[in-house]
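To start, the structure itself, in structure tokens.
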Amino acid sequence: PLPFLASATPAQIDRLALGVRSARYGKGEILFRQNDPGDELFLISSGSLDVFVANGRKVEEKIASVGVGSFVGERSLLTGEPRSATARAGGDCSVFVVGKVAMGELLREHPALAQQIAQTMAERDAERYELTREMAHGRTSDDANTLLQRIRAFFALS
């Protein structure tokens, strides 16, 4: 279901699934807010989520709507950084929630996933930068190698 888990074995996916929980949100409910701490990723199993970022005037702008099979929250889960956007249910939706402990176990067993995750995150950074033309902290998007170093440090991977 998550694109960066394509190279994980079925057994590794099964182990990750043991640490996953499901949650439901009604239209307009907020899953998380920009700048909040977070250590969970949300995989959409039904419905959709709208993603917002606050511009320089603190006005939220919708930058994306994501649906079934998409995920949000990976940056906070994987690097420990505050949330880079606000996620709100676009309608009634169900999500699978992947926490840091479950993801850490998978990354320790399958370290190559960190590279795939970093690449996906770098691509999303570039897309977000193009959409907003300004980052919340005035920095440009990270490249995959920088993100890989931060993921490895956060999970104490070699």
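Separating the CG atom in Leu49 from the OH atom in Tyr25 is a distance of 9.0 Å, to the nearest 0.5 Å. Atoms OG1 and CG, on Thr86 and Leu31 in that order, are 10.5 Å from each other to the nearest 0.5 Å. The CZ atom of Arg33 sits 7.0 Å away from atom CD of Glu60, with the distance rounded to the nearest 0.5 Å. Separation of atoms CG (Leu18) and CD1 (Ile13) is listed at 11.5 Å; rounding is to 0.5 Å. The line from CG of Asp92 to OG of Ser48 is 10.0 Å long, rounded to the nearest 0.5 Å.
The hydrophobic cluster containing Leu148 does not contain Phe154, counting ILVMFWY residues as joined when their side-chain heavy atoms lie under 4.5 angstrom apart, directly or transitively. Connection of Val95 to Phe52 is not established within any shared hydrophobic cluster, with ILVMFWY side chains joined at heavy-atom distances below 4.5 Å, either directly or through further cluster members. Phe71 is connected to Leu16 through a chain of hydrophobic side-chain contacts under 4.5 Å among Ile, Leu, Val, Met, Phe, Trp and Tyr, so both are in one cluster.
Both tests do not hold together for Arg21 against Phe96: distance to the six-membered ring centre under 6.0 Å, angle to the ring axis within 45°.
Between Asp50 and Arg88 there is no salt bridge, since no side-chain N of the basic residue sits under 4.0 Å from a carboxylate O of the acidic one. Ion pair Glu105/Lys100 not flagged as a salt bridge, since none of the NZ, NE, NH1 or NH2 atoms sits closer than 4.0 Å to an Asp/Glu carboxylate oxygen.
The two atoms that bring Ala87 and Val72 nearest to each other are CB-CG2, 4.4 Å, heavy atoms only. Contact record, Gly99 with Leu77: C-CD1, 3.5 Å, taken as the closest heavy-atom pair.
Between the side chain of Arg83 and the backbone N or O of Gly73 there is at least one donor-acceptor pair closer than 3.5 Å. In this structure, the side chain of Gln34 engages the main chain of Ala54 through a donor-acceptor pair within 3.5 Å. Put simply, the side chain of Ser45 gets close to the backbone of Ser94: a donor and an acceptor are under 3.5 Å apart. A donor-acceptor pair is defined here as one N or O able to donate and one able to accept, closer than 3.5 Å; such a pair exists between the side chain of Thr79 and the backbone of Arg75. When atom types are taken as modelled, the side chain of Glu29 and the backbone of Gly26 share a donor-acceptor pair closer than 3.5 angstrom.
Paired with Arg152 under the rule side chain to side chain contact (heavy atoms under 4.5 Å, CB included), one option of Leu147, Leu157, Leu107, Leu78 passes, and it is Leu157.
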